[in-house]
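First comes the structure, then the notes that go with it.
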Amino acid sequence: MSDELITFEEEEFTSQLTMPVVKRIVSLLKPHWRWVFGFVISIAIISAQDSLFTYINKEIIDKGIIQKDIEKLWSLAGIYAVVQVSQAILIFVMIYLAGILGERVQYDLRKMLFNHLQELSLSFYAQNAVGRLMSRVTSDTSRVADLITWGMLDITWAVMNITTSTFFMMLINWKLGLIVLAILPLLVFISIEFRKRILLQFRASRRANSKITGAYNENISGVRVVKALGREPKNLKEFQGLTDDMYSASYRAAWLSALFLPAVQIISAIALGAIIWIGGLQAQVGLITIGGIYAFTSYLTFMLWPIQDLARVYAEMQHSIASAERIFKLKDTNPEVRNKPGAIPAKSLLGEIEFEHVDFYYEDQVPVLSDFNLKINPGETIALVGPTGGGKSTIVNLLGRFYEPKKGRILINGKDYTDYTLESIHSQIGIVLQTPHLFSGTVRENIRYGQLDASDTEIETAAKIAGAHDFIVTLENSYDQNVGEGGNLLSVGQKQLISLARAVLTEPDLLIMDEATSSIDTLTEALIQRGMDALMQDRTSIVIAHRLSTIRRANNILVIEAGRIKEQGTHAELLHQHGHYFRLYTQQFRHELEVQYGAEIRK
C-alpha cells in the first residue's frame, strides 16, 4: 500500500473484533508482559474474592446466626476481615498497574505513529488533513490504551465473576445452578444483537467526530482568512451540519444502549423470581438453607451485572476497536518514496545532475512534466521562471526526492538517484521556502535545527553569513528571543533570514530556493539576496524566482511552461531572444518603476 488518502471518516469499518485485530492489539502488550501478568492475576484474585465473600456470608447466616454458634461466627468474621484487607491491597495494585500499563501503551503508540508519520512522503500529507492525523495520534491512541487496560479489566472481571459464581452455585445446589445457566444463552444472544446495532452508530459518531476535529483545526489555523473574507456564518452552517451528524449517531447509540438495560433486567427479574420460588420450596424440605438462597441471589446478581453492563462495555470497546483499526491502517500506509533494496549512501550531491526523459503526475493523473530533460553542471545556479502550475515546484520536489518520476530517471554523478538512500540525499540538500517555517522556541534553537550539534559560535557565524545577525542582536533577548508558534512574533523577512541562516548551517551540496524573496519588501529583499549569494557559493543551486531581478546572475535560466522548457539561457541571452522571458522581465521592470515613481510608463 503506497501513500494514499486515508479516508478514516468515510470508510465503514465493518470488521468485528477479528483475530488479526486481536493479534495486533495483543502485540502492543508484549514489551510489557510482566505488567500485564500482574494486572490480570490481581483482577482474577479480586473477582474470586468477591464470590468468596458471598460464600462466607452464607456460612455466617447458616452456621453462625441460625445455629447461634458464636465461636464459628468469630472464626468466619476473622476470615472475612483477612480477605477484605487482602482485597484492598490487591485493588490498589490493580489500579496502579492499570495506570502504568495504559501510559506505557499510549507512549509506545504515539511514538510509533510519530516516527511513521515522519517517514511518509509529501504526497500523503497533500491528501490528508492535519486535524484528522492529529486525532489518530491523540484521541485514538488514548482509546486503544483504555481498551487494553480498563477493557481488559472489564472482560477479565466479567469472566471471573461468571466462572466463580457458577462454581459456588453448583457447589451449593446444582439443580438451581442449572436453571441459572439456562438463561445465560438468551442474555448473550440479546447482547450480541444489541452490540451489532450499537457498533454501527458509534462508528458513525466517531467518523463525525474526526471531521469536527479537522474543521476545528482548519478554522483556527486559518482564522485570519476566515475573518478577512467574512466566512463566519458559512463556516458555522457547515460546522452545524457536522455536529448534527454526530448528534444523530450518538443519540441512536444512546437510545439502543438505554433499551438494552431494561431488556436484560426483565429477564434477570424473571430468573431471580424463579430461583426464590423454587429455592423457597426446596428450603421447606431441607434441600437448601436460607443462607444458600441468599448466596444464590447474590451470585445471580454477580453473573448478571457484567451482562447488564455489556452495553456500556461494548460501546467503549467498539470505540476503541474502531480507533485501533484506524491506527493500524495508518501504520500500514507505506511511503510512496522509500529506499529500494541495496541503496547506498550518496557521498556528495555536488556533481552533474540530469533529468532524463522524466514524466510526472500527481494523484489526478494530469501530466505535470512530460519528457522533461535537463542537465545541471556542478556548482551551477539554475533559475526556474514561468507561470503558476507550469511545473517549477514539481522539478525541485523531484530533485529533492520528495516525489519520484513516474517515468524516466534523475541521475546524480551518472547514477540513478534512487540507488542512493533517502537520508543521504535529504541530509545534503538545503531548502529555503517562500513561506519559511519556524518552530516554537528561540532564534538560536531554530537556527540550530539545521545542525543539532552546532556550537553558539557556529550559529552566530551562520547568521552573519545569511545577513540575519544584525536584526537578531536588536531583539530584546537577542539569540534567546522566543519566536512564537510558527515564528508569528517575527516579520516574514526576519523569518526568512533565520531560515537562510539555518540553511547555511547545514552546509548543503545542493541548495533549493523556492521564491524566497517574493513576500518581502525591497529593503529586506536586498538583505536576503546577499545571504542567498553567500549561501550559493561553491554549491549547486536551484532557484524558483518570482522577482526576476534576483536571478540575473544565474548560470542558466529556464522558462517552464506546461511541464516543458520553453526558453533557456543566461539573463542577457534570453533578453536578446525577445521571447517569453523578455516579456516577463520588461513587464515586471515597468511595474516596479510605476510603483516607485507613481506614474504610468508608456509601452
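Phe53 CZ: more than 12 foreign heavy atoms inside a 6.0 Å radius.
Annotation: cation-pi pair Lys406/Tyr361 present, NZ/CZ under 6.0 Å from the ring centroid and within 45° of its normal. For the pair Lys331 and Phe328, the cation-pi test (distance below 6.0 Å, angle within 45°) is failed.
Once rounded to the nearest 0.5 Å, the distance linking CD1 of Ile89 with CE of Met94 reads 14.0 Å. Taken from CD in Glu103 to CG in Asp108, the straight-line distance is 11.0 Å, to the nearest 0.5 Å. Interatomic distance, OG1 of Thr421 versus CZ of Arg401, reported as 8.0 Å (0.5 Å rounding). To the nearest 0.5 angstrom, Leu28 atom CG is 8.0 Å from Ile327 atom CD1. Separation of atoms CD1 (Ile60) and NZ (Lys58) is listed at 11.5 Å; rounding is to 0.5 Å. Between the OH atom of Tyr55 and the CD1 atom of Ile79 there is a distance of 11.5 Å, given to the nearest 0.5 Å.
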| request: Kindly indicate, with the supporting measurements, whether the criterion side chain to side chain contact (heavy atoms under 4.5 Å, CB included) is fulfilled by Thr54 and Phe168. | output: CA-CA 9 Å; Thr54 301; Phe168 280 106; over 6 Å; no
| field | side chain to side chain contact (heavy atoms under 4.5 Å, CB included) between Val83 and Leu52, intermediate numbers included | value | CA-CA 9 Å; Val83 176; Leu52 182 59; 4.1 Å; yes
| Does the side chain to side chain contact (heavy atoms under 4.5 Å, CB included) test come out yes or no for Leu29 and Val36, once each step is laid out? | CA-CA 7 Å; Leu29 296 173; Val36 174; 3.8 Å; yes
| Evaluation steps, side chain to side chain contact (heavy atoms under 4.5 Å, CB included), between Leu73 and Lys63 | CA-CA 7 Å; Leu73 192 61; Lys63 297 181 179 179; over 6 Å; no
| message | Applying side chain to side chain donor-acceptor pair (under 3.5 Å) to Glu59 and Asn57, what does each step give before you reach the verdict? | response | CA-CA 5 Å; Glu59 293 293 291; Asn57 287 333; over 6 Å; no
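A heavy-atom distance below 4.5 Å is not found between the side chains of Glu485 and Phe439. When side chains are defined from C-beta on, Leu489 does not count as touching Val483, because their heavy atoms never get closer than 4.5 Å. Looking at Ile43 and Met160, their side chains never come closer than 4.5 Å, going by heavy atoms from C-beta outward. Residues Tyr299 and Thr164 form no side-chain contact, since every pair of their non-hydrogen atoms from C-beta on lies 4.5 Å or further apart.
Judged by distance alone, with hydrogens and angles left aside, the side-chain atoms of Ser27 form a donor-acceptor pair with the main-chain N or O of Arg24 at under 3.5 Å. For the pair Ser424 (side chain) and Ala346 (backbone), a donor-acceptor distance under 3.5 Å is present. Checked by atom type and distance alone, the side chain of Ser42 pairs as donor or acceptor with a backbone atom of Gly38 at under 3.5 Å. Checked by atom type and distance alone, the side chain of Ser165 pairs as donor or acceptor with a backbone atom of Asn161 at under 3.5 Å. Between the side chain of Asn339 and the backbone N or O of Leu422, at least one donor-acceptor pair lies under 3.5 Å. For the pair Glu445 (side chain) and Thr442 (backbone), a donor-acceptor distance under 3.5 Å is present. Between the Asn173 side chain and the Met169 main chain, no donor and acceptor come within less than 3.5 Å of each other. Put simply, the side chain of Tyr420 never gets that close to the backbone of Ile425: no donor and acceptor are under 3.5 Å apart.
Within the structure, every pair that satisfies the side chain to side chain donor-acceptor pair (under 3.5 Å) test and touches residues 76-92, not counting sequence neighbours, is listed here: Gln49-Ser86, Asp50-Gln87.
Asp419 and Lys340 are joined by a salt bridge, as a carboxylate oxygen and a charged side-chain nitrogen come within less than 4.0 angstrom of each other.
Under the side-chain contact (heavy atoms from CB on, under 4.5 Å) criterion, Leu97 pairs with Trp35, Phe39, Val93, not counting sequence neighbours.
In plain terms, the two heavy atoms of Asn446 and Arg502 that are nearest each other are O-CD, 3.0 Å.
A parallel orientation is assigned to the rings of Tyr96 and Phe92, their planes being inclined by less than 30° (bins at 30° and 60°).
Tyr362 and Tyr403 have their aromatic ring centers within a separation under 6.0 angstrom.
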